[in-house]
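Comments concern the structure below.
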Amino acid sequence: MAIGTPEVVDWVRLSAAALEDERDRLNRLDADIGDGDHGANMARGFTAAAERLAAAAPETPAAALRTVGMTLLSTVGGAAGPLYGSFFIGLAGGLGDAAEVDAATWSAALTQAVAGVVRRGKAELGDKTMVDALTPAAETLEAAAGNGAAFGAALAGSAAAAETGAEATTPLVARKGRASYLGERSAGHQDPGATSSALLLRIAAETWGARDE
Amino acid sequence: MAIGTPEVVDWVRLSAAALEDERDRLNRLDADIGDGDHGANMARGFTAAAERLAAAAPETPAAALRTVGMTLLSTVGGAAGPLYGSFFIGLAGGLGDAAEVDAATWSAALTQAVAGVVRRGKAELGDKTMVDALTPAAETLEAAAGNGAAFGAALAGSAAAAETGAEATTPLVARKGRASYLGERSAGHQDPGATSSALLLRIAAETWGARDE
Amino acid sequence: MKKLINDPEAVVREALEGVAAAHAGRLAVHFDPNYITRADAPVSGKVAVLSGGGSGHEPLHGGFVGPGMLDAAVPGAVFTSPTPDQVLAATQAVDSGAGVLHIVKNYTGDVLNFETAAELAVAEGVDVAAVVIDDDVAVKDSTYTAGRRGVGATVLAEKICGAAAEAGRPLADVATLCRHVNGQARSMGMALTSCIVPHVGTPTFELGEDEMEIGIGIHGEPGRERVKLEPADAIVERLLGPILDDLPFRSGDRVLALVNGMGGTPLIELYIVYRRVAQLLGERSIAIERNLVGNYITSLEMAGCSITLLKLDDELTQLWDAPVNTPGLRWGA
Amino acid sequence: MKKLINDPEAVVREALEGVAAAHAGRLAVHFDPNYITRADAPVSGKVAVLSGGGSGHEPLHGGFVGPGMLDAAVPGAVFTSPTPDQVLAATQAVDSGAGVLHIVKNYTGDVLNFETAAELAVAEGVDVAAVVIDDDVAVKDSTYTAGRRGVGATVLAEKICGAAAEAGRPLADVATLCRHVNGQARSMGMALTSCIVPHVGTPTFELGEDEMEIGIGIHGEPGRERVKLEPADAIVERLLGPILDDLPFRSGDRVLALVNGMGGTPLIELYIVYRRVAQLLGERSIAIERNLVGNYITSLEMAGCSITLLKLDDELTQLWDAPVNTPGLRWGA
Ligand SMILES: Nc1ncnc2c1ncn2[C@@H]1O[C@H](COP(=O)(O)OP(=O)(O)O)[C@@H](O)[C@H]1O
Ligand SMILES: Nc1ncnc2c1ncn2[C@@H]1O[C@H](COP(=O)(O)OP(=O)(O)O)[C@@H](O)[C@H]1O
Ligand SMILES: [Mg+2]
Ligand SMILES: [Mg+2]
Ligand SMILES: [Mg+2]
Ligand SMILES: [Mg+2]
């Protein structure tokens, strides 16, 4: 499999479409324990990022991902904007000037990206945030890459881990972000940011995994 | 029949009670074409006037009526306050220092009182105001007194004329007061001030007429 | 009814107690009869400017008491004009011998109560001049009716006459100026929602979720017409058209534009309204030399807005710019 | 949804256009990225004070730009923090070389976006200090959570830091002062009704006709508890109790009391609230030396109020009294 710049652009484009589809569901999740805008924020940001990538073709995967990060930073606002901004800028940093992405480089990039989110947001595992989806995803990918798994399979495992992590936020009491103002009242609802993170990783697995057959 | 100060006080006391009973109806009439406070305004004013008369017994009918006028002036507010204030001060002026009231003195006083209302409010007959009840009442009383009718019967005729006048305001388009802002939309509603005027004159006929048997 | 009140009958009294507590030192609040004066009233040698009317329009009038604007405000019950004894007492309290201007909004109740008070004050030896404000173009004008209501121009007249009085101008002169302001000003308002009079407890009128009332008064009196909800830009056109046509305002005129909130409308919306006012006047080459955007003459919690235009000349502009120091309007001090 | 708007997506932009039209000469409004600065920015040699956050809280922050208060305000979408590129551009626009203070309300989004902007600004050679305001006692404080929200103290910090900057104090000093103001201020709010975010179109929360929400945030975030409607006096006790206990405020303290409307509450009600605040503080021998009653940090058309107390000392009082000349707060100028 060869994941190059066009495949990265595909990922962002298909993520934008998926986020537009899921806009209302994410808004509703956020309305339960936040301010109801997470779907709108994400859809706006990714649509802008996809448009920017379509307009100016970047040279490397990292350049594409940096453009996404900068676009999210300047279009999303709220908590998710700087966090997903850090995430994509972290991915770009992890990939350096590589022309192609494989399981090992992507695993390293993902680990670096998640570290960037944690550095920025200071959330720990179990705080009921996107970190609860991203951290297990990065760990699963790292293990799979270490075991020499195929990239497609590794991505699928990573996406599944993110989904499990997102679902596991439901019973938690939020300790970071807007949901934390609710205290105990935040328990019983799935975190919207963890949900959108799992969605992004699922799209990556689907988009890039197909190439891997 | 002898209508002296106690009977004047009775009139005011019973009017206050009747206005409290009719508060909501008058408010509703005023809500249709004004601001919905005429019942509250009148009840507040007459209750205050009755209390003041109960507290300090005035010497003459005119003194009692002047107290009523001054009390209405300082407690009713709105359009009705100064108009009914003028009305009662006019009644007092018309009676002078007479110790007793008969059909002739009352007719003269009523005519003077209505003139005071017209001077203050500048409404003409047919403008859809209290003048539409008061003017026919004064005219009917004057005719009856001129014909030597018994005071009780004269009062009853005057009250009936006021009621007819009040009812006749319904189709009119208001040209004075708050209802005039409605223009054509004011037609089809009975004027609250004309209604309260008719009520006051009805109570006078009932209170004093009973004495006249 | 959802309100931050205790007893519906005590709203005015308790709010006045709040005003007294908040502005002690600047304002003196007198109870029974109720009125508010400048703490330093009467100001020696100065004509006093007094206004009043029903409560529920705050900051009008009490919030405009202070140097450069009103010497006294006389609050009635909610939406009910004050009584003559209140107006008389306030008039006497602020008269320094130079006389008192009564600025009266054109509602029968206000006019009659102020008239009565003025007669009593004159009998007590106070020089009183009264000017009636009637700037609301939503109401057809006619000498056979009660005429137009007084709305937004009241705020402008209070400011400008307050400045003239502060400058030492005599009573007749300040009264003439007040009539001039009224003559050069036109207003019109609209409502998205009704207000609720506290002692009534239910909305004064019912509007559908997709309806608005155009040409509304400041007491929830019905307006010119009830129409379907429209975008802000279209609403501005509905209000501004009759205003411009009435005076009329013409190309080359200089104006003061007041975009006023009815009490329940957030500031962000008033700026959207102002944006369109500025665009439309710009298209007509009418220059907005001064403006005011905010809640100045309100109807309790009613959502909606009104627009007032005052044609300016150098004298009016200069008086508008003069220092004013009140809780509701302040600059240069 | 009944609002004086055109397009829900254009609310912020059109309101900014209205601000630009209304305050040309005093304020400069920049679009794409959106921010507002003093017309005369950067002011040579002066520390610049900048704040920002989601729109819908007007007059906060844009209405507080001007001499003696903010040099710049950065408005995000309604209830959404601005993005780093906006904050960066505004920071660079107002920096005279003396550095820029960022006053940030404690919401994760605001904190993260301002942090990112500050890093970028520092990389561009601008000296930036950021202070996070977190005065809302309705939220339990903890180092393990996002902590308390920033509410009414923001207005006070902007005024006081603006005065200090105007007086020529250096950045570190103004930042320390800002932290001091935040440390000495406590707030709590309540809502009678929900607000409606324009692009959502439905109320953020549903409250029964006989219910109110205590401890609400300024974005319609749920509060501490939902209880039955009560008289204003009881509501004041519910808000003031936690505020007083938290600092705590004690007998003999001098305070500034801010009674703030949420946007849809008429002024007459805010004075009824202030009345009770004054009574309760009087009973505890806490002296209200300064006060502010009105709509200063709002939540669109939400009905309700918040109370903020700031413990004063001579320095804070003097800085509070210093001249300020902004659309939303003005005195001495
Ligand atoms: N400190 C944090 N660290 C990591 N993620 C966070 C943090 N705070 C919030 N989030 C994530 O952001 C999501 C909310 O994003 P969004 O609704 O777009 O922003 P806002 O809360 O400003 O409206 C939450 O569901 C959570 O997953
Ligand atoms: N100019 C006037 N002359 C005579 N009566 C008038 C005039 N204006 C109003 N009224 C009477 O006053 C009544 C309204 O009184 P009220 O509701 O108490 O005062 P307001 O209109 O100030 O609320 C009207 O129904 C009408 O009969
Ligand atoms: Mg959100
Ligand atoms: Mg009435
Ligand atoms: Mg009335
Ligand atoms: Mg948000």
### Message
Looking at every non-hydrogen atom in both residues, tell me the closest pair between C:Gly264 and D:Glu301 and how far apart they are.
### Response
O-CB, 3.9 Å

### Message
At a 4.5 Å cut-off on heavy atoms, which part of C:Ala278 comes close to chain D: side chain, backbone, both, or neither?
### Response
side chain

### Task
Hey, could you give me the OG1/CG distance between D:Thr298 and C:Leu267, rounded to the nearest 0.5 Å?
7.5 Å

## Note on the structure
Here the pair of heavy atoms bringing C:Lys2 nearest to D:Glu211 is NZ-O, 2.8 Å

### Query
Checking heavy atoms, do the side chain of C:Leu300, its backbone, both or neither come under 4.5 Å from chain D?
both

### Task
With a 4.5 angstrom heavy-atom cut-off, could you sort out which part of D:Ile235 is near chain C: side chain, backbone, both or neither?
side chain

### Message
Minimum heavy-atom separation for C:Glu14 and D:Arg275, please, with both atom names.
### Response
O-CD, 3.2 Å

### Message
Quick check on C:Val19 against chain D: is it the side chain, the backbone, both or neither that has a heavy atom closer than 4.5 Å?
### Response
both

### Query
At a heavy-atom separation under 4.5 Å, does C:Leu229 approach chain D through its side chain, its backbone, both, or neither?
side chain

### Task
Test side chain to side chain contact (heavy atoms under 4.5 Å, CB included) on D:Leu4 and C:Thr265 and set out the steps.
CA-CA 8 Å; D:Leu4 290 169; C:Thr265 291; 3.9 Å; yes

#### Entry: Residue pair D:Asn6 / C:Pro231: nearest heavy atoms and the distance that separates them
OD1-CB, 3.3 Å

### Message
Looking at every non-hydrogen atom in both residues, tell me the closest pair between D:Ser55 and C:Ile268 and how far apart they are.
### Response
CB-CD1, 4.3 Å

### Exercise: identify the closest heavy-atom pair between C:Ala22 and D:Asn291
O-ND2, 2.8 Å

### Task
For the residue pair C:Tyr271 and D:His23, confirm or rule out a side-chain donor-acceptor distance under 3.5 Å.
yes

### Message
Working to the nearest 0.5 angstrom, can you tell me the gap between D:Ile272 CD1 and C:Arg13 CZ?
### Response
12.5 Å

#### Entry: Proximal component of C:Leu292, with respect to chain D [non-hydrogen, under 4.5 Å]
neither

### Task
Measure distances from C:Met1 to the heavy atoms of chain D and classify the residue's part below 4.5 Å as side chain, backbone, both or neither.
backbone

### Message
Quick check for you: among D:Pro266, D:Ala232, D:Gly263, which has the greatest number of heavy-atom pairs under 4.5 Å with chain C?
### Response
D:Ala232

### Interface moiety of C:Val11 toward chain D, non-hydrogen atoms closer than 4.5 Å
both

### Query
If you tally heavy-atom pairs under 4.5 Å against chain C, which of D:Met190, D:Met302, D:Glu17 wins?
D:Glu17

